[in-house]
There are 2 protein chains.
Amino acid sequence: MGATKTDHFTETQNELSMLAKALGHPARIAIIEHLLKVNACICGDIVNELPLSQPTVSQHLKELKSAGLIKGSIEGNSICYCINESGFEKIKSFSEQVSAHLEKKNSCC
Amino acid sequence: MGATKTDHFTETQNELSMLAKALGHPARIAIIEHLLKVNACICGDIVNELPLSQPTVSQHLKELKSAGLIKGSIEGNSICYCINESGFEKIKSFSEQVSAHLEKKNSCC
DNA sequence: TTTTTATATTGCAATATTACGATAAACATT
DNA sequence: AATGTTTATCGTAATATTGCAATATAAAAA
């Protein structure tokens, strides 16, 4: 075992969990926060900002990108990363949906 | 390696990533969705609802609980689980914060 | 063209997660 | 007390993640 049984769940469940999983590491939260703060976003800046090696940061960026949470575009020699809104929209809408449900029904425990 | 360097990141970054990580599995998304739908929430029902064994479901419930996303209270023989609002509030506020930032600054790539 | 700069990939070791059978624990029912 | 029901824990195998040194790639600068 050790492999998630993704085929037993719905598309939406798998998609949401993949987005959440991509945010499930403090370095990747830090990257998102940094991208929000500066709004200009050369990869090397992120490497300098984080207490991790360049290959490790590159890997985290790759995960955020493949999850659809950031975008990257080539800018001469370097690469410009920034937030991909659509991924965050899905997370936002899920969390708002949870809140909306909770307002109507009160929790039972 | 393999161990996350949590001590190199802020409290908030670690907390947010732990919440996200707890949602980073389709079974745990499915559990949350089920709890929202029924609002009554005996553990055994969740086990029946999911395509996973009882020990595996129990483990997922434990993770959601320790992350602060659900609460559980003993109800006679069985255990009643339900959503823990405070955990979801943090996720909601983060995703709304991201959206708010994005409205002001337009993405650069 | 050679060298430098910036980022990605490979390979690998350490650790974490996922899943479940077996079993324990705790309470309810008989 | 004995039995059944419900949930948790243990042990363990399979797989995934994290992190980095070494190396590759690609564009810029010299």
Engineer: Considering heavy-atom distances to DNA chain D, does Leu52(A) or Ile74(A) have its closest nucleotide positioned more toward the 5' end?
Structural biologist: Leu52(A)
Engineer: Apply side-chain contact (heavy atoms from CB on, under 4.5 Å) to residues Lys92(A) and Lys92(B) and explain how you reach the verdict.
Structural biologist: CA-CA 6 Å; Lys92(A) 189 182 158 203; Lys92(B) 189 181 156 202; over 6 Å; no
Engineer: Can you tell me if the side-chain N/O atoms of His25(B) get under 4.0 Å from OP1 or OP2 in dA19(C)?
Structural biologist: yes
Engineer: Send over the distance from Asp7(A) CG to dT15(D) C1', rounded to a whole Å.
Structural biologist: 15 Å
Engineer: Assess the side chains of Thr10(B) and Gln13(B): does a donor N or O sit below 3.5 Å from an acceptor N or O?
Structural biologist: yes
Engineer: Count I, L, V, M, F, W, Y as connected when their side-chain heavy atoms are under 4.5 Å apart, and connections chain through other members. Are Leu64(A) and Phe9(B) then in the same cluster?
Structural biologist: yes
Engineer: Taking only N and O in the side chain of Lys5(A), is any of them less than 4.0 Å away from OP1 or OP2 of dC20(C)?
Structural biologist: yes
Engineer: Contact class for Glu63(B) (heavy atom, under 4.0 Å): base, sugar-phosphate, or nothing?
Structural biologist: sugar-phosphate
Engineer: Rounded to the nearest Å, what distance is computed from the CZ atom of residue Arg28(A) to the C1' atom of nucleotide dG19(D)?
Structural biologist: 12 Å
Engineer: For the pair Lys90(A) and Glu15(A), evaluate salt bridge (charged side-chain N to carboxylate O under 4.0 Å, His left out) and give the outcome as yes or no after the intermediate values.
Structural biologist: CA-CA 9 Å; Lys90(A) 286 167 191 160; Glu15(A) 190 183 23; 3.0 Å; yes
Engineer: Taking Ser58(B) for its side chain and Gln54(B) for its backbone only, find out whether a donor-acceptor pair lies under 3.5 Å.
Structural biologist: no
Engineer: If the cut-off is 4.0 Å, is His60(B) near the phosphate of dA19(C), judged by side-chain N/O to OP1 or OP2?
Structural biologist: yes
Engineer: Indicate whether OP1 or OP2 belonging to dT17(C) is found under 4.0 Å from a side-chain N or O atom of Lys21(A).
Structural biologist: no
Engineer: For the pair made of CD1 in Ile31(B) and P in dT18(C), what is the distance, rounded to whole Å?
Structural biologist: 11 Å
Engineer: Anything under 3.5 Å between a donor and an acceptor, one on a side chain of residues 21-32 of chain A, the other on a protein residue two or more places apart or in another chain? List them.
Structural biologist:
{"from": "His25(A)", "atom 1": "ND1", "to": "Ala27(A)", "atom 2": "N", "distance (Å)": "3.0"}
{"from": "Arg28(A)", "atom 1": "NE", "to": "Ala22(A)", "atom 2": "O", "distance (Å)": "2.6"}
{"from": "Arg28(A)", "atom 1": "NH1", "to": "His60(A)", "atom 2": "ND1", "distance (Å)": "2.9"}
{"from": "Arg28(A)", "atom 1": "NH1", "to": "Glu63(A)", "atom 2": "OE1", "distance (Å)": "3.2"}
{"from": "Arg28(A)", "atom 1": "NH2", "to": "Lys21(A)", "atom 2": "O", "distance (Å)": "3.4"}

Engineer: Report, as a single string ordered 5' to 3', how protein heavy atoms within less than 4.0 Å touch nucleotides 5-10 of chain D: B base, S sugar-phosphate only, - not at all.
Structural biologist: BSBBB-
